Structures are given as structure tokens and as C-alpha cells.
Amino acid sequence: MKTLAINGGNPIRKISLPSYQVFNEEEAKCAYYVVKSGILSDYLGCWDSAFYGGEQVQAFEKEWADYFKSKHAVSVNSNTSGIITALGAVGVGPGDEVIVSPYSMSISASAPIFWGALPVFADIEPDYFCLNPDDIERKITPRTKAIIVVDIFGQPFNVERIKEIAKKNNLYIIEDCAQAPGAKYNNEFAGTLGDIGIFSLNYHKHIHTGEGGMIITDDDDLAVRCQLIRNHAETVVDDMGYQGSPVNMVGMNLRMTEIEAGIGRIQLSKLDGLLKKRLNNVRMLEEGLSDLPFLTMPKIRDSAEHAYYIHVMKYDETSTGVSRADFVDAVNYELMPAGKNDTRNSMLSCGYVKPLYLQSLYQNKTGIGKACYPFTNPVYEDVSYTKGLCPVTEEMHFEKVIINDLIHASLTESDMKDIIDAFHKVTDNLDELKQQV
């Protein structure tokens with residue numbers, strides 16, 4: 001047995017693990033080409049041929065739609081603005097309710113607030129971490145307009161059940177697949193499984209353009225409405241002759257630049273290879289840790305293909321006699337020479353995000369403006385975001401879940417061996433950790 005690095009022993013790694021890096025000369029040449037062209041953006045916020053953006057933007061949208069087998073793709077400047085746009089496109093507004101996940105990036109829940117609608121939290125599935133259909137059904141009221149499902153960590157949502165619920169209650173499904181490009185269910189891509197799907201292209205996603213996002217849909221009118229909200233709808237609808245619903249036809253500047261789009265086209269061409277590398281690293285990690293009974297590896301839904309934005313396992317403290325936090329810290333020290341968790345090169349973490357309804361936004365019900373809308377809108381009765389609202393989410397976050405990005409595509413087989421060895425070194429020295437308590 002060797003002394004743990006957290007107690008002054010030699011760590012498994014002498015140098016930090018490589019960070020996720022997928023750029024090369026292709027992206028640099030593309031950026032140079034766009035700069036030399038003199039056109040960094042080619043949008044006009046009025047009804048004009050330039051309403052749809054420039055050469056790179058339109059080419060990227062077509063290539064994205066083709067790859068994901070979707071009728072329409074609408075680029076935006078982030079997944080955040082994409083979700084807000086999608087909710088506006090389906091007509092969400094004051095007095096409406098939108099069912100959301102408590103275990104995701106914050107905008108997955110807060111987006112309805114921008115349209116004056118109320119976020120209603122449903123609990124997650126304990127094995128897949130996506131929204132639990134049974135709790136969705138319990139949270140539906142006559143005011144429910146839409147469900148924002150999240151393909152969390154790269155796992156597609158429960159498609160059949162949630163589609164059945166949505167159809168029965170005449171609800172839209174907005175699919176936040178920021179973490180799931182290339183994931184599939186029944187051989188259909190995540191993003192195409194609801195009415196509108198939204199992807200993220202910011203710096204730590206599978207493929208990225210620095211910042212950026214993409215909306216896809218097969219619905220002609222929803223695609224037009226997304227384009228309008230993206231680019232100053234109020235100045236365009238009359239000259240365009242738009243005949244659809246006037247609801248939410250107020251727009252913003254949510255447009256992608258030509259450099260981002262050009263880089264995105266190159267990144268998209270790499271997605272298959274990057275996914276393959278992630279899946280191979282997941283296989284190595286899970287096989288290497290299969291003899292550790294206190295760790296439960298992530299389950300994959302039947303008929304689904306996981307994209308593994310991050311890897312999530314569940315920890316059983318009763319089996320080790322060591323707290324989750326102590327175990328995680330000890331493994332991190334073996335992998336980081338300084339023994340610190342660098343968020344750009346992260347190792348293991350306890351939990352993912354604090355259940356969103358515990359944020360001050362919901363606890364204090366501050367919302368928008370002095371009137372604190374939508375929380376103070378009198379049409380909503382008994383708006384409560386108390387602890388205990390989503391017990392499975394709270395158990396997973398505060399007691400069970402360990403997340404890591406130790407499967408990304410820049411990690412080599414040698415790196416993966418070090419990661420596995422770090423887990424085993426700590427496991428072999430659990431008594432040493434227990435003595436510290």
C-alpha cells in the first residue's frame with residue numbers, strides 16, 4: 001500500500017491530465033478566411049436578403065439540418081438564447097406554466113421567466129437523471145403550455161412516455177440537448193425528439209465555436225418564428241407578410257457571427273470521431289472500475305445511444321465507510337499535482353448543480369422588475385419552491401452523484417489507465433482515509 005497523495009504521498013500523475021482541445025489548423029484557416037473576406041457578420045434586422053445572415057451562417061445551418069436529419073436549423077448566439085427563442089416561438093406568455101428540470105444548467109428552468117411564464121419543477125429519474133414522466137403528469141395544470149426536457153449528461157429523455165403526456169395535454173416539447181449532440185433514441189437524433197431541439201456550442205461542449213447554439217425543428221412555422229425572434233421580429237413581420245400568430249413577435253439580436261459559423265462547420269465534421277473517442281474512453285473507464293462495488297455506473301435507456309457530455313456515477317458511502325467528499329478529494333489529489341480541482345480541467349466533483357429551485361431567484365421569488373413577475377402574478381396560486389420539492393434530485397445531488405469529464409476525446413489510453421489507477425489506489429487505502437475523520 002502506498003501513502004495517498006492527499007496525505008503527502010506521490011500522486012499517480014506527475015503532470016496534469018490534458019484539457020479538452022479539438023481545434024487545429026483547419027479552424028485557424030477558416031477564421032483567417034472570414035477575416036480576409038471583410039464580412040464578420042452579414043445580417044440586417046429588417047426584411048431583406050440579409051435577414052437570414054451571411055454565407056457561413058446559412059451554410060452551417062444547412063449542414064446542421066442535414067446531419068441531424070431535420071427540416072430546419074436556425075443558428076443563435078447560445079443555447080440560452082435558443083431556449084428562450086423556442087419558448088417564444090411556441091407562444092409561451094404570462095399566465096402560462098412550463099414544466100422544467102431542477103437538475104440542469106440554470107436556463108433550462110429560468111427561460112420561461114423571460115416570457116412572463118412560471119417554471120414548475122418536476123423531479124428526475126434516479127437512474128437516468130432526466131425528467132420523470134410520472135412527476136410531469138402530477139405537475140400539469142390547465143395553465144401548462146410546454147415541457148422543457150433536458151437530455152442531461154448526453155442521455156435522451158423518456159421519449160414515448162413524455163410524448164404521450166404532451167399529446168394528451170396539448171403541450172409542446174422543447175428539447176434542451178445542449179449536452180447531447182449525436183445522442184439517439186430509436187436511431188433518431190436527440191434534438192429531433194420533441195417539437196424544437198436546441199444545442200449548445202460554447203467552449204466546453206462536444207464541438208464548439210466559442211459561443212453559439214443551434215435550433216432545429218421540422219415545423220415550418222416554428223422555424224420562421226425562431227428566425228424572427230432571433231432577428232428583430234417587430235421590424236420584419238409586416239414587410240415579410242408573416243401570416244402566423246402575432247404572439248411574441250418581438251425580437252432581439254441573437255445572431256451568430258460568420259467566424260463562429262465557419263468554425264462550426266469544421267467542428268461538425270469532427271463530431272462522429274469525437275463521439276467515438278468518448279465512447280471508447282467510457283468503455284475503458286467503466287471496465288476498469290467494474291470491480292468497485294460502491295460505484296454504480298450510469299445506465300443507458302433502452303433503445304438509446306448516450307453522448308456522454310460528462311460521466312456520472314453513484315457512490316455508496318455505506319459500502320466504504322468514507323464520505324463521498326473525502327473519496328472524491330483523494331482521487332483528485334492523485335490526478336492533479338497541486339491537488340486542486342481546476343474547472344477548465346476538472347476531475348471529479350460531488351453532485352452536479354444545486355437543485356435549481358434552491359437558488360435565490362426561486363427562494364426569494366424576485367423575478368423580473370419591482371413587481372417580481374412572474375411569481376407575483378395573481379393567476380398563480382401557492383407558488384412554492386421549498387426544499388423537498390424534488391426528493392430524488394436532492395438525494396442524487398447531496399448524497400449520491402459523482403460527476404467527471406474523465407472521458408473526453410483528448411484523453412489517451414495512458415491517461416485513462418492513470419485515472420483508473422487513481423481510483424484503485426484510493427480504494428486500496430480506504431482505512432487511511434477513515435483514520436482522518
Side-chain angles (χ1 to χ4, degrees), residues 1-21 126 129 153-154 204 277-299 308-354 394-437:
M1 295 188 10
K2 298 179 180 179
T3 302
L4 294 173
I6 198 169
N7 291 329
N10 293 323
I12 294 291
R13 292 286 297 194
K14 301 298 186 289
I15 58 172
S16 296
L17 290 164
S19 59
Y20 186 46
Q21 175 56 260
F129 311 107
F153 310 136
H204 50 83
K277 188 66 165 60
R278 281 178 183 264
L279 292 172
N280 187 58
N281 285 346
V282 168
R283 178 190 58 78
M284 291 181 63
L285 181 67
E286 294 189 353
E287 288 180 358
L289 303 182
S290 61
D291 60 337
L292 305 184
F294 55 89
L295 295 177
T296 301
M297 295 300 126
K299 291 186 178 180
Y308 290 102
Y309 167 64
I310 53 179
H311 187 271
V312 183
M313 58 187 83
K314 289 189 281 190
Y315 180 80
D316 181 9
E317 182 177 332
T318 62
S319 295
T320 62
V322 170
S323 74
R324 178 180 59 160
D326 286 344
F327 183 84
V328 164
D329 284 346
V331 176
N332 281 334
Y333 266 79
E334 297 299 331
L335 295 173
M336 294 287 288
K340 296 180 180 178
N341 190 355
D342 178 348
T343 57
R344 288 182 180 268
N345 186 17
S346 59
M347 301 300 100
L348 279 69
S349 299
C350 294
Y352 176 48
V353 295
K354 181 173 69 175
E394 293 180 23
E395 179 189 21
M396 292 301 111
H397 179 69
F398 293 113
E399 300 176 25
K400 298 289 187 183
V401 162
I402 295 175
I403 69 165
N404 69 84
D405 69 348
L406 302 175
I407 43 81
H408 66 69
S410 296
L411 295 166
T412 66
E413 289 191 11
S414 177
D415 295 328
M416 297 306 299
K417 182 181 182 302
D418 286 345
I419 292 163
I420 293 164
D421 286 348
F423 274 87
H424 282 96
K425 180 180 175 184
V426 173
T427 302
D428 291 342
N429 288 273
L430 289 175
D431 287 341
E432 185 181 332
L433 285 179
K434 292 175 186 177
Q435 291 170 9
Q436 296 177 171
V437 179

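For this chain, numbers begin at 1 and follow the sequence in order. Since the model is a prediction, treat every value here as computed from it, not as a measurement.
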At their closest point, which heavy atom of [X] faces which heavy atom of [Y], and how far apart are they?
X    : Y    : answer
D418 : L335 : O-CD2, 3.9 Å
E286 : Y308 : OE2-OH, 4.3 Å
I12  : K425 : CD1-CD, 4.0 Å
L285 : N404 : CD2-OD1, 4.2 Å
K434 : T320 : CE-O, 2.8 Å
L348 : L406 : CD1-CD1, 3.3 Å

Stepwise side-chain contact (heavy atoms from CB on, under 4.5 Å) test for D428 and K2: CA-CA 9 Å; D428 291 342; K2 298 179 180 179; over 6 Å; no

Y315 vs F294 aromatic rings, parallel, tilted or perpendicular, using cut-offs 30° and 60°? perpendicular

[atom1]-[atom2] distance between [X] and [Y], expressed to the nearest 0.5 angstrom:
X    : Y    : atom1 : atom2 : value
Q21  : S410 : CD    : OG    : 6.5 Å
S319 : L430 : OG    : CG    : 10.5 Å
I6   : E432 : CD1   : CD    : 9.5 Å
K314 : L295 : NZ    : CG    : 12.0 Å
L4   : D326 : CG    : CG    : 11.0 Å
D316 : R324 : CG    : CZ    : 12.0 Å

Surrounding NZ of K299 (heavy atoms of other residues, nucleotides or ligands, distance under 6.0 Å), is the total greater than 12? no

Taking C-beta and beyond as the side chain, do [X] and [Y] meet within less than 4.5 Å on heavy atoms?
X    : Y    : value
M313 : L289 : yes
D291 : H424 : yes
M416 : I419 : yes
H311 : P298 : yes
K417 : M284 : no

Are side-chain N/O atoms of N281 and R278 paired as donor and acceptor at under 3.5 Å? no

Short question: side chain of K354, backbone of H397 - any donor-acceptor pair under 3.5 Å? no

Aromatic centroids of Y352 and F129 separated by under 6.0 Å: no

Charged N to carboxylate O under 4.0 angstrom, R13 versus D415? yes

Verify side-chain contact (heavy atoms from CB on, under 4.5 Å) between D421 and E334, making sure each step is shown before the conclusion. CA-CA 9 Å; D421 286 348; E334 297 299 331; over 6 Å; no

